[in-house]
Amino acid sequence: MKKIIISNWKLNGNINFINKYIKKIKIYLKNSNYKISIAPPIIYLYYMSKLLKKNKYISLTSQNTDIHINGAYTGETSINMIKDINVKYVIIGHSERKKYHYENNKNILKKIILTKKKNIIPILCIGENIKEYKKNKSIEICKKQINYIIKKKNIKILENIIIAYEPIWSIGTGKNANIDHINKIHNSIKKYIYSLNKKIYNKFKIIYGGSVNYKNFKDIISQKNVDGLLIGNSSLNIKEFINIINN
Ligand code: 13P
């Protein structure tokens, strides 16, 4: 099974950039060892879906979805709208959304439920901050974030979802977590899920995000317990992203 690489553009890009980006990376998609997905700003999803014309070697990811389906919620995008344009994944609970948009556990859970209902795969972001990391609390914090979701529903909520371990202190800082740390966290989350339900264990994935670049990506993605990568900054550099997907 191919591992997945998701390019999260955050609040970057425009039509010009998209045209250039797709034209350049298109050549490398078919022979890539990875499944590739792109998360442009939501406003460009439709344009990109037309541009890619259902190219089977690449998929689209939404950076967010709203907790409502429709109604008077100015500025939001519902999961039905996202479904309309053939999006495969939705990033939910990114630490930047928690920080700048006050996203909380309750909303994260609602978004996961709505996304799953539409047969779109949620990518649930978890991860500790620098203080917690220094106090050796990474595992505890990650489990707590997962437990909230499980306890409010049940373990089945994790079926077919992707968990993205993104230590907050590593995002956009140039300091990726070291391999031992990544392995430790991914292992303990996998073991934890296994202890709760063996069936679900076989049906969820865990990927890593945080200062991944063309120099360190290979080491990280080749770990047995790393099912893929979520890349921000480096995925915006076309040359660098090609280096990654073409390796
Ligand atoms: P960077 O790769 O820029 O650290 O961002 C990671 C991230 O937040 C992906 O969602």
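Just so you know, these numbers come straight off a predicted model, no measurement behind them. Just so you know, these numbers use all the heavy atoms, side chains as well, and skip hydrogens, waters and symmetry mates.
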Handout entry: Heavy-atom donor-acceptor pair, S95 side chain to I168 backbone, under 3.5 Å
Key = no
Exercise for the section: For atom CD1 of I27, decide whether the heavy atoms of other residues, nucleotides or ligands shown that lie under 6.0 angstrom number more than 12. Expected result: yes
Exercise for the section: Report the relative orientation of the aromatic rings in Y165 and H181; use parallel for angles under 30°, tilted for 30 to 60°, perpendicular for over 60°. Expected result: tilted
Problem - Pairwise distance CG(N33) to CD1(I244) - rounded to 0.5 angstrom - result: 13.5 Å
Handout entry: Sub-4.5 Å side-chain heavy-atom contact between K35 and S59
Key = no
Exercise for the section: Compute whether any side-chain donor of one residue and acceptor of the other, for H94 and Q63, lie under 3.5 angstrom apart. Expected result: no
Handout entry: Exam field: side chain K111 to backbone N64, donor-acceptor pair closer than 3.5 Å
Key = no
Exercise for the section: Tell me yes or no: between the side chains of Y47 and N19, is some donor less than 3.5 Å from an acceptor? Expected result: yes
Problem - Ring geometry between H186 and Y208 (parallel below 30°, tilted from 30 to 60°, perpendicular above 60°) - result: tilted
Handout entry: Donor-acceptor pair, side chain of S211 and main chain of S170, under 3.5 angstrom
Key = yes
Practice task
Please answer whether the main-chain N or O of K99 pairs with a side-chain N or O of E103 as donor and acceptor at a distance below 3.5 Å.
Solution key: no
Exercise for the section: Tell me whether M81 is reachable from I67 by hopping between hydrophobic residues (I, L, V, M, F, W, Y) whose side-chain heavy atoms are closer than 4.5 Å. Expected result: no
Handout entry: Exceeds 12 heavy-atom contacts within 6.0 angstrom, atom CG of N202
Key = yes
Handout entry: Nearest-0.5 Å distance that lies between atom CG in L230 and atom CD1 in I91
Key = 5.0 Å
Handout entry: Spacing of I157 atom CD1 and K116 atom NZ [to the nearest 0.5 Å]
Key = 5.5 Å
Exercise for the section: State yes or no: are the ring centers of Y44 and W9 separated by less than 6.0 Å? Expected result: no
Fill in the blank from the handout: Heavy atoms of G172 and N233 approach each other most closely as CA-ND2, 4.3 Å
Practice task
Indicate if M48 and Y89 have the same hydrophobic cluster label, given that clusters are the connected sets of ILVMFWY residues with side-chain heavy-atom separations under 4.5 angstrom.
Solution key: no
Handout entry: Minimum side-chain heavy-atom gap N55-L29 below 4.5 Å
Key = yes
Practice task
Determine whether more than 12 heavy atoms belonging to other residues, nucleotides or ligands lie under 6.0 Å from atom OH of Y214.
Solution key: no
Practice task
Would you mind checking if D227 and K190 are paired as a salt bridge, meaning a charged N to carboxylate O distance below 4.0 Å?
Solution key: yes
Handout entry: Contact check, side chains of L124 and I149, non-hydrogen atoms, under 4.5 Å
Key = yes
Handout entry: Within 45° cone and under 6.0 Å: K239 NZ/CZ vs F241 ring
Key = no
Exercise for the section: Return the minimal non-hydrogen interatomic distance between I4 and I207, and the atom names on each side. Expected result: CG2-CG2, 3.9 Å
Handout entry: Backbone N/O of Y28 and side chain of N31: donor-acceptor pair under 3.5 Å
Key = no
Completion exercise
Rounding to 0.5 Å, atoms NZ (K30) and CD1 (I58) come to a distance of 15.5 Å
Problem - Over 12 foreign heavy atoms within 6.0 Å of NZ, K2 - result: yes
Problem - Joint cluster assignment, L158 & V90, ILVMFWY side-chain distance < 4.5 Å - result: yes
Problem - In one Ile/Leu/Val/Met/Phe/Trp/Tyr side-chain cluster, 4.5 Å: I193, I141 - result: no
Problem - Linked, directly or transitively: I121 and Y201 (ILVMFWY side chains, under 4.5 Å) - result: no
Fill in the blank from the handout: I123 and A164 have their tightest heavy-atom pair at CG2-CB, 3.8 Å
Exercise for the section: Please tell me if the side chains of I150 and L196 come closer than 4.5 Å, counting only heavy atoms from C-beta onward. Expected result: yes
Exercise for the section: Answer yes or no: is there an ion pair linking K10 with E96, defined by an N-O contact shorter than 4.0 Å? Expected result: yes
Problem - S49 side chain to Y46 backbone, donor-acceptor under 3.5 Å - result: yes
Problem - N/O donor-acceptor pair under 3.5 Å between K205 side chain and I161 backbone - result: no
Exercise for the section: Examine distances only and state if a side-chain atom of Q223 and a backbone atom of I220 form a donor-acceptor pair shorter than 3.5 Å. Expected result: no
Exercise for the section: Apply the side chain to side chain contact (heavy atoms under 4.5 Å, CB included) test between S138 and each candidate in N129, I126, I185; give the one that qualifies. Expected result: I185
Completion exercise
In short, A177 meets I182 closest at the heavy-atom pair O-CD1, 3.4 Å
Completion exercise
side chain to side chain donor-acceptor pair (under 3.5 Å) with S7: of S235, S234, S37, only one passes, and it is S235
Problem - Close side-chain approach of K88 to I120, heavy-atom, < 4.5 Å - result: no
Exercise for the section: Apply the test side chain to side chain contact (heavy atoms under 4.5 Å, CB included) to residues I162 and F204: give CA-CA distance (whole Å), side-chain angles for both, the deciding distance (0.1 Å), then the verdict. Expected result: CA-CA 6 Å; I162 295 178; F204 93 100; over 6 Å; no
Handout entry: Distance, nearest 0.5 Å, that separates CD1 of I146 from CD1 of I189
Key = 4.5 Å
Problem - Point-to-point distance, once rounded to the nearest 0.5 Å, from CD1 of I245 to CD of E240 - result: 12.5 Å
